[in-house]
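Structure record follows, encoded as structure tokens.
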Amino acid sequence: MTEAGILEKLREAVLNGKRKDAANLCEEGLKAGLAGKDLLTQGLLAGMEEVGRRMRCEEYFIPEVLVAARAMQTAMEVLREDLARNPPTQVGRVIIGTVSGDLHDIGKNLVAIMLTGAGFEVIDLGIDVSPSRFVSAALERQADAVAMSALLTTTMVNMKEVVAELRKAGFQGRIMIGGAPVTQEFAEKIGADLFAGDASEGAEKLKASLRAA
Ligand code: B1M
């Protein structure tokens with residue numbers, strides 16, 4: 001198979017959630033002399049980008065996104081060594097978590113997947129993340145953005161404190177929020193930079209916002 005053929009098949013394998021095919025194609029690509037970062041960006045991430053587009057058009061739903069992500073993660077294992085030697089250029093580094101008091105993580109995990117698929121380095125703090133943990137992670141890891149998710153009307157208010165604490169600590173990056181009860185109006189009210197209604201939109205908006213900076 002030609003190099004272009006391998007990359008195209010790899011993109012399709014992610015799109016169709018074929019994890020064994022994706023892993024085998026990465027092995028074949030490395031043997032054929034393709035760089036790990038090209039297999040990542042032009043194969044795996046290109047596939048995830050299309051997954052995001054299909055999600056926005058409601059052609060793909062959560063199950064399709066999750067199998068695509070699993071295929072990408074399995075194939076990434078094959079590329080791990082090569083990527084460690086020649087790391088790809090990252091779009092940016094994002095700290096993500098579900099806010100204090102909130103244990104819902106399915107949406108947050110989808111956002112993390114789509115951000116990774118868009119080329120971000122994602123540091124996932126998990127669930128029930130306190131404002132001080134968001135702030136220390138953002139500063140210590142010199143993040144370009146902080147992304148917060150909340151699913152409860154009683155916990156979304158905790159986002160306000162995180163925004164205030166980040167600003168007080170001098171954090172200069174973008175702050176993005178989302179989750180079922182969260183709205184654009186709420187984001188503006190608490191001083192967050194970005195609101196996204198779904199995971200794919202979140203990745204797109206953050207990428208565009210950092211590019212414009
Ligand atoms: Co809970 N729960 N839950 N729950 N739960 C809801 C949210 C609820 C609406 C159910 C209901 O009453 N109809 C309700 C909230 C009511 C409210 O506040 N208005 C509720 C409640 C009340 C509770 C408990 C309090 C129940 C109890 O114990 N009495 C409790 C709270 C626990 C806690 O957090 N402290 C609780 C517990 C749980 C489980 C643990 C059982 C489980 C969570 C499992 C898990 O996440 N690992 C659970 C579940 C599964 C749900 C429902 C059924 C599904 C949520 C979900 O995962 N949706 C939910 C009802 C429903 O929505 N139908 C419900 C799928 C997910 C992909 O959507 O997270 O919205 P979502 O993410 C979307 C967008 O919002 C966006 O992208 C995703 C799509 O691409 N998005 C972002 C999300 N984060 C984003 C961040 C961004 C950008 C976009 O930028 C940073």
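In what follows, residues are counted from 1 in the order of the sequence shown. Everything numeric here is computed off the predicted structure, so don't read it as measured data.
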Between R56 and R53, is a side-chain contact (heavy atoms from CB on, under 4.5 Å) present by the stated rule, with each step listed?
CA-CA 5 Å; R56 280 195 299 281; R53 193 196 65 75; 3.9 Å; yes
Taking it one step at a time, do R54 and L15 satisfy side-chain contact (heavy atoms from CB on, under 4.5 Å)?
CA-CA 10 Å; R54 291 187 185 188; L15 208 46; 3.6 Å; yes
Of the non-hydrogen atoms in [X] and [Y], which two are nearest, and what is the gap between them?
| X | Y | value |
| --- | --- | --- |
| K205 | F195 | NZ-O, 2.7 Å |
| L139 | A169 | CD1-CB, 3.8 Å |
| Q42 | A46 | O-CB, 3.4 Å |
| E165 | P131 | CG-CB, 4.3 Å |
| F120 | V94 | CD2-CG2, 3.4 Å |
| M156 | F186 | O-CZ, 3.4 Å |

Tell me, do [X] and [Y] make a side-chain contact under 4.5 Å, heavy atoms counted?
| X | Y | result |
| --- | --- | --- |
| L40 | L83 | yes |
| L34 | E28 | no |
| V135 | V146 | no |
| T98 | L125 | no |
| I177 | I190 | yes |
| I175 | M159 | no |
| S100 | V129 | no |
| M1 | K9 | yes |

Residue pairs meeting salt bridge (charged side-chain N to carboxylate O under 4.0 Å, His left out), one or both in residues 76-89, sequence neighbours left out, come to E77-R80, E81-R85, D82-R85
With distance as the sole test, does [X] use its side chain to make a donor-acceptor pair with the main-chain N or O of [Y] at under 3.5 Å?
| X | Y | value |
| --- | --- | --- |
| S200 | G52 | yes |
| D102 | A150 | no |
| E64 | F61 | yes |
| N16 | E12 | yes |

All pairs passing side-chain hydrogen bond (donor to acceptor under 3.5 Å, both in side chains) where residues 174-192 contributes a residue, at least two apart:
R174-S209, Q184-E188
Output every pair passing side-chain hydrogen bond (donor to acceptor under 3.5 Å, both in side chains) with a member in residues 106-125, not counting sequence neighbours, ordered by first then second residue.
R93-E121, K108-D124
State yes or no: do [X] and [Y] share one hydrophobic cluster built from I, L, V, M, F, W and Y residues joined by side-chain heavy-atom distances below 4.5 Å, directly or via other members?
| X | Y | answer |
| --- | --- | --- |
| I106 | V111 | no |
| V182 | F134 | yes |
| Y60 | L110 | yes |
| I113 | V67 | no |
| I6 | M48 | yes |

[X] [atom1] to [Y] [atom2] distance, which is reported to the nearest 0.5 Å:
| X | Y | atom1 | atom2 | result |
| --- | --- | --- | --- | --- |
| L44 | C26 | CG | SG | 4.5 Å |
| D144 | L210 | CG | CG | 5.5 Å |
| I96 | S149 | CD1 | OG | 7.0 Å |
| L115 | M176 | CG | CE | 5.0 Å |
| E50 | L45 | CD | CG | 13.5 Å |
| E161 | L166 | CD | CG | 10.5 Å |

Does atom CD (Q172) have a neighbourhood of more than 12 heavy atoms from anything else shown, all under 6.0 Å?
no
If you count every heavy atom of other residues, nucleotides or ligands that lies below 6.0 Å from K160 atom NZ, does the total exceed 12?
no
Only one of L151, I127, V99 passes side-chain contact (heavy atoms from CB on, under 4.5 Å) with H104, and that residue is L151
Run the side-chain contact (heavy atoms from CB on, under 4.5 Å) check on L79 and L30 step by step: do they pass?
CA-CA 8 Å; L79 302 181; L30 289 175; 4.1 Å; yes
Could you tell me whether R167 and D193 make a salt bridge, using a distance below 4.0 angstrom between a side-chain N and a carboxylate O?
yes
Is the closest basic N to carboxylate O distance between R11 and E8 below 4.0 Å?
yes
Under the criterion side-chain contact (heavy atoms from CB on, under 4.5 Å), I'd like the reasoning laid out for M114 against V65: C-alpha separation, chi angles, the key distance, then a yes or no.
CA-CA 9 Å; M114 297 314 293; V65 177; 4.1 Å; yes
